[in-house]
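The chains referred to below are lettered A, B, ... by the order of the sequence lines, with proteins before strands, and numbering in each begins at 1.
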Amino acid sequence: MRQHAGALNRVCLVILGILALAGGVLILLIASGMLHAMSPATVAAESPVVTGDLHAVFGTASAVAIVLVSGVVVGALGLSWILAQIPRRNAADRYRLHQDPASGTTLCDASVLASAVENQINTLPGVVGSSALLRGTAMEPDLAIKVTVNNRADIQDVLQRINTRVIPDLSMALETPLRRTGIQLEVSGRNAISGTTVETTGTVVY
Amino acid sequence: MSRNEGKTTQLRHRPSRVVPALILGTLLLAAGVGLAWAAVARLATGSWPAFLAGPRDWLTGLTWNDPGVWAVGAAAAILGLVLLAAALVPGSYNALRLQVPGNEGEVPAAGTQEIVMTRRAVARYAAAHCEYVDGVGSASATASARAVHLNVTTALHETRELRDRVIAEIRAQLAGAGLNPVPKITASVRSKE
């Protein structure tokens, strides 16, 4: 149900991978002399890597500023990339249900609606627990539900009841069809909140 | 690097590459802190920190055909390939799709609908139903995005018939749960004796 930075990670890894691969191949081409053989204007394999005086280059105030700024930029990029790995709920805050603010405002906390959805799902036979999350807007709401069912539950029955009772009730409360719904099923050995099947044991006597 | 640019909203998704992202993010952060600290030290004391003297001296006397340069180039190329593989190898899905009869992804009040069962849930469900099959002593299961493997122990000497029965039962249960397509089911039955 939580959102991950999968696409962001892939893009960053591809960019860094291409940069590292291109840099490595370029260094190997120069070191082997192949680049110089292909284009005599480029550096030869025997030439020094650093042609200038490093003392003089890094002695200037502009070099210090460049190092400082690049350090801050690289560090900020690294930190934001790390923080982006935290899974986010990105839940809706409050739905604005009114049409015209001049004639009054109606606000509904999305978490209240989510709790109502959870309570209704928890009454279904075979359900051990649930959590619901509303995203989007009051006009285009998205619903994500995580439902944990008992391992003997009739999964199709639970899904049918969610589709025919829970979601229509939410849709009616919001007075609009949901734009998108997602249901994630988990299975547990714990007993369902309602409609529990009772295990019995016994001995057959002949 | 906005958090919302690359967010995944699908319940069924491929791995997010969190581990390589965390490693590289930490390396970038460490490099940034090192550079900023060196620049601040240079401004405060008037000279660059001593740990930069080693790399500077190494670079000063270096030629392009030096073995050290070869090593750096090869390491960078290999790192690039590893990063590209980490980004481009798709990996397997975290969950399997479920379908409700009469609902082909569209519900009147629900719009587009995605129903998934996590791999762990499929494995638990399969193992639980396996234990209801007569002749099974204990069972455990592992599930991938396309297959479920059952490990069954039994007191029976002849295991072939039980294995076929267990596979048929679990296939029927998973199909009844609505998994579409039904994953391939394999079973290893071990006799206790």
Side-chain angles (χ1 to χ4, degrees), chain A residues 3-14 16-18 20-21 23-25 27-28 30-31 43 45-50 54 58 64 67-68 70-72 74-75 77-82 84-85 88 151 155-156 159-160 163 167-168 171 177-187, chain B residues 1 3 5-9 11 13 16-18 20-22 24-26 28-29 31-33 35-36 38-39 42-43 48 56 59-60 62-65 69-70 72-74 76-77 79-81 83-84 86-87 100 103 107 109-118 121 124-125 128 177-178:
Chain A
Q3 294 175 334
H4 299 264
L8 173 73
N9 290 347
R10 281 194 294 278
V11 169
C12 291
L13 286 171
V14 165
L16 290 175
I18 288 173
L21 182 62
V25 169
I27 290 172
L28 290 176
I30 297 174
V43 289
E46 297 77 21
S47 58
V49 174
V50 179
L54 281 178
F58 282 95
V64 179
V67 170
L68 182 62
S70 24
V72 170
V74 169
L77 284 174
L79 185 62
S80 58
W81 197 10
I82 291 169
Q85 304 313 310
R88 308 281 167 97
N151 54 28
I155 289 176
Q156 281 295 304
L159 293 174
Q160 284 284 9
N163 277 345
I167 291 173
S171 176
L178 305 186
R179 187 181 63 171
R180 187 170 172 274
T181 57
I183 303 173
Q184 180 181 322
L185 274 174
E186 295 284 350
V187 172
Chain B
M1 200 176 293
R3 175 65 181 76
E5 283 170 10
K7 68 185 176 186
T8 302
T9 53
L11 293 175
H13 57 82
S16 303
R17 282 82 170 170
V18 172
L22 280 176
L24 283 177
T26 308
L28 283 176
L29 179 61
V33 169
L35 285 174
R42 168 74 172 78
L43 289 172
W48 290 98
R56 187 190 60 208
L59 279 172
T60 305
L62 205 62
T63 57
W64 282 104
N65 56 3
V69 177
W70 278 91
V72 169
L79 177 69
L81 288 175
L83 293 183
L84 284 174
V100 179
N103 161 22
V107 176
T112 311
Q113 189 170 51
E114 181 190 22
I115 308 174
V116 302
M117 197 169 174
T118 59
R124 282 183 178 171
Y125 190 74

CG-CD distance between B:Asn65 and A:Glu46, expressed to the nearest 0.5 angstrom: 5.5 Å
Side chains of A:Gln85 and B:Val18 in contact at under 4.5 Å (non-hydrogen atoms): yes
Nearest atoms (heavy-atom pairs only) where B:Thr63 meets A:Val49: C-CG2, 3.8 Å
Residue, of B:Ala177, B:Pro20, B:Gly178, B:Ala38, that accumulates the most heavy atom pairs under 4.5 Å with chain A: B:Ala177
Residues that A:Val14 engages under side chain to side chain contact (heavy atoms under 4.5 Å, CB included), provided they are two or more places apart: A:Ile18, B:Leu84, B:Ala87, B:Leu88
Heavy-atom check, side chain of A:Val67 versus side chain of B:Arg42, under 4.5 Å: no
Max heavy-atom pair count under 4.5 Å with chain A, selected residue of B:Leu43, B:Leu35, B:Val33: B:Leu35
A:Val74 to B:Ala31 - nearest heavy-atom pair and separation: CG1-CB, 4.4 Å
Minimal non-hydrogen separation, B:Ala121 against A:Leu185, with atom names: CB-O, 3.6 Å
For B:Trp64 against A:Ala31, the heavy-atom pair lying closest together: O-CB, 3.1 Å
Interatomic spacing from CG in B:Leu28 to OG in A:Ser80 - rounded to 0.5 Å: 9.0 Å
Under 4.5 Å from a heavy atom of chain A, the part of B:Arg56 involved: both
Listed partners of B:Val116 passing side chain to side chain contact (heavy atoms under 4.5 Å, CB included), at least two apart: A:Gln184, B:Leu11, B:Arg12, B:Ala95, B:Glu114
Straight-line distance of A:Thr181 OG1 to B:Ile115 CD1, nearest 0.5 Å: 7.0 Å
Options B:Thr60, B:Leu79, B:Thr26, ranked by heavy-atom pairs under 4.5 Å with chain A, top entry: B:Thr26
Nearest non-hydrogen partners of A:Gly75 and B:Leu29, listed with the distance: O-CD1, 3.4 Å
Toward chain B, the part of A:Val11 with a non-hydrogen atom under 4.5 Å: neither
A:Ile155 and B:Tyr125, any side-chain heavy atoms less than 4.5 Å apart: yes
Residue, of A:Val43, A:Leu16, A:Leu21, that accumulates the most heavy atom pairs under 4.5 Å with chain B: A:Leu21
Straight-line distance of A:His4 NE2 to B:Arg17 CZ, nearest 0.5 Å: 13.0 Å
Residue pair B:Gln113, A:Leu178: steps toward the side chain to side chain contact (heavy atoms under 4.5 Å, CB included) verdict: CA-CA 10 Å; B:Gln113 189 170 51; A:Leu178 305 186; over 6 Å; no
Winner by heavy-atom pair count (cut-off under 4.5 Å) against chain B, out of A:Ile82, A:Val50, A:Val25: A:Ile82
Closest non-hydrogen atom pair between B:Ala76 and A:Gly24, with its separation: CB-CA, 3.7 Å
Greatest number of heavy atom pairs closer than 4.5 Å to chain B - which of A:Leu28, A:Leu68, A:Leu79, A:Leu159: A:Leu28
Ring geometry between B:Trp48 and A:Phe58 (parallel below 30°, tilted from 30 to 60°, perpendicular above 60°): perpendicular
